[in-house]
Amino acid sequence: MPDQEDGEISLSLKQKLRQGELVNVFAVSRLYHPNLIEVYGFHGGFDGFWIDAEHADFSTQDIEHAAAVGRSHSLDCFVRIPPDDYSLVTRCLESGATGVMAAQIQSAEHAEQFVQWSKFAPRGNRGLNAGCYDGRFGTVPVAQFCAEANERSFVAIQVETIGALQECEAIAAIEDVDLLFIGPSDLSQALGVTGDFLHPKCLEAVEKIAAACQKNNKALGAVTTNPEHAAMLRSHGCQMLSPTNDVRTFQAGVKAVAETFRDFF
């Protein structure tokens, strides 16, 4: 890893997870604005955020701005994307996000392809462009850039389909997969119990995924919706909790204002 430079985070999410730390992240999607990230940053308590480019349309410039604002508040970030566009993976990494997360993975083979898109040779086949943020805009020798980028980049695989659940142990065993991330909404849908995140089928799935992570020394992460659900995840060794996003935070704020001033509404 290169020495820390101005505007860089001191420890990345990947480094914190490797050290066994619990990390809290928020998501940005529908209500994204750079100032929104600053609001989270000023409040503190979060280690980073993820950009939901699966369900919302983020440009390369949006990701560049979000990552830069995050760095100014020591917030690391990664981008969730559909696993069907090689060029999108490298654009996210070139824009300053330190990681990518694949949504809707169907198998270990599918996950391996995503990892290869995320890494330079010899591990993968990411296209080489040193004139970007993670290449320090061409100021780092190419071979050094590739080696450092392969070590630095963070790769998460979502487990939210039946195929990924069935092959979660094989996915966790893949070299350079850093995190298995549970998407409880889609997973509950796939299991036929939509929205019931504490249903026995969902709890059994969490146990299976957690065991796969533990066996292969990989971190476990998840979206969580309430303290009971978060406590359940933590009891299974979950290291990354994502308890809110921009929409949920805004709705909670509106609700709090309406409650505070209820006598005047």
Side-chain angles (χ1 to χ4, degrees), residues 1-81 91-101 132-134 136-137 149 152-156 158 178-179 181 183 219 221-227 230 233-234 238-257 260:
M1 293 287 292
D3 293 334
Q4 184 184 353
E5 299 177 9
D6 290 342
E8 285 200 341
I9 54 173
S10 56
L11 284 178
S12 68
L13 290 169
K14 181 173 181 175
Q15 289 171 314
K16 290 180 179 181
L17 290 170
R18 281 184 170 180
Q19 292 179 3
E21 296 183 30
L22 169 65
V23 299
N24 289 306
V25 295
F26 60 91
V28 293
S29 57
R30 298 294 175 186
L31 306 182
Y32 167 70
H33 188 279
N35 288 352
L36 177 69
I37 295 171
E38 292 198 295
V39 171
Y40 281 104
F42 282 124
H43 273 280
F46 288 97
D47 300 275
F49 61 96
W50 53 280
I51 300 166
D52 188 359
E54 177 194 10
H55 292 289
D57 185 17
F58 284 86
S59 68
T60 298
Q61 189 174 59
D62 288 335
I63 297 171
E64 288 174 342
H65 288 170
V69 172
R71 289 192 298 271
S72 74
H73 289 274
S74 296
L75 295 171
D76 195 11
C77 72
F78 58 97
V79 187
R80 177 169 76 175
I81 56 179
R91 286 201 302 272
C92 289
L93 296 173
E94 289 177 1
S95 297
T98 59
V100 284
M101 179 164 72
C132 52
Y133 179 81
D134 65 341
R136 301 293 187 267
F137 299 102
R152 184 170 55 237
S153 60
F154 172 75
V155 179
Q158 278 205 250
D178 299 298
L179 177 92
F181 190 89
V223 168
T224 186
T225 55
N226 58 56
L233 291 168
R234 284 292 291 153
C238 185
Q239 281 185 257
M240 177 184 285
L241 293 175
S242 181
T244 193
N245 58 30
D246 45 15
V247 174
R248 289 189 69 190
T249 299
F250 186 80
Q251 287 202 17
V254 172
K255 183 178 179 180
V257 170
T260 300

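Please read these numbers as outputs of a predicted model, since none were measured by experiment. Sequence positions, counted from 1, serve as the residue numbers for this chain.
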Under 3.5 Å, side-chain donor or acceptor atoms of residues 23-31 against the rest of the protein: list the pairs with distances, not counting sequence neighbours.
from: Ser29; atom 1: OG; to: Asp246; atom 2: OD1; distance (Å): 3.3
from: Arg30; atom 1: NH1; to: His55; atom 2: O; distance (Å): 3.3
from: Arg30; atom 1: NH2; to: His55; atom 2: O; distance (Å): 2.7

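- Taking Asp62 as the reference, nothing meets the salt bridge (Lys or Arg N to Asp or Glu O under 4.0 Å) condition, with sequence neighbours excluded.
- In this structure, Gly221 and Cys238 approach most closely via the heavy-atom pair CA-SG, 3.7 Å.
- Remark: side-chain polar atoms of Arg248 are paired, donor with acceptor, to backbone N or O of Thr225 under 3.5 angstrom.
- Heavy atoms from other residues, nucleotides or ligands lying under 6.0 Å from CD of Gln19 number more than 12.
- Listed by chain and residue number, Phe120, Arg126, Asp134, Phe145, Arg152 satisfy the side-chain contact (heavy atoms from CB on, under 4.5 Å) test with Ala149 (two or more places apart in sequence, or in another chain).
- Partners of Glu94 according to the salt bridge (Lys or Arg N to Asp or Glu O under 4.0 Å) rule, which considers only residues two or more places apart in sequence or in another chain, do not exist here.
- Under the side-chain contact (heavy atoms from CB on, under 4.5 Å) criterion, Ala219 pairs with Leu17, Leu179, Gln239, not counting sequence neighbours.
- The nearest pair of heavy atoms linking Leu75 to Gly41 is CD1-CA, 4.0 Å.
- Closest approach of Pro34 and Val69 over heavy atoms only: O-CG1, 3.6 Å.
- With rounding to the nearest 0.5 Å, the separation of NZ in Lys16 from CG in Asp76 is 8.0 Å.
- For Asp57, the side-chain contact (heavy atoms from CB on, under 4.5 Å) criterion is met by no residue, not counting sequence neighbours.
- Side chains of His65 and Tyr32 form a contact here, defined as non-hydrogen atoms less than 4.5 Å apart.
- Remark: Tyr40 pairs with Thr249 by the side-chain hydrogen bond (donor to acceptor under 3.5 Å, both in side chains) rule, at least two apart or across chains.
- For Asp178, the side-chain hydrogen bond (donor to acceptor under 3.5 Å, both in side chains) criterion is met by no residue, not counting sequence neighbours.
- With contacts defined as side-chain heavy-atom distances shorter than 4.5 Å, the pair Met240/Phe181 qualifies.
- Here SG of Cys92 is found 11.5 Å from CE of Met101. Values are rounded to the nearest 0.5 Å.
- Take Ser95 and apply the side-chain hydrogen bond (donor to acceptor under 3.5 Å, both in side chains) test, not counting sequence neighbours, and it matches no residue.
- Considering only heavy atoms from C-beta on, Phe46 comes within 4.5 Å of Pro243 through its side chain.
- Remark: the backbone N or O of Ala156 is not paired with any side-chain donor or acceptor of Arg80 at under 3.5 angstrom.
- Shown here are the salt bridge (Lys or Arg N to Asp or Glu O under 4.0 Å) partners of Arg18, two or more places apart in sequence or in another chain: Glu151.
- Using a 4.5 Å cut-off on side-chain heavy atoms (C-beta onward), Thr98 and Lys14 make no contact.
- Of the inter-residue distances, the one linking Ile37 atom CD1 with Asn35 atom CG reads 9.5 Å to the nearest 0.5 angstrom.
- Residues passing the side-chain contact (heavy atoms from CB on, under 4.5 Å) test with Val257 are Phe261, sequence neighbours excluded.
- One finds the CH2 atom of Trp50 at 13.0 Å from the CG atom of Leu13 (value rounded to the nearest 0.5 Å).
- When every heavy atom of Thr224 is checked against every heavy atom of Asn226, the shortest pair comes out as OG1-O, 3.5 Å.
- The side-chain tip of Arg136 points at the ring of Tyr133 from less than 6.0 angstrom away and within 45° of straight on.
- To the nearest 0.5 angstrom, Asn245 atom CG is 8.5 Å from Asp52 atom CG.
- For the ring-ring contact (aromatic ring centres under 6.0 Å, His included) test, residues two or more places apart in sequence or in another chain that qualify with His73 are Phe42.
- Nearest heavy atoms, Ile51 versus Ala66: CD1-CB, 3.9 Å.
- Put simply, the side chain of Leu22 reaches to within 4.5 Å of the side chain of Arg234, judged on heavy atoms.
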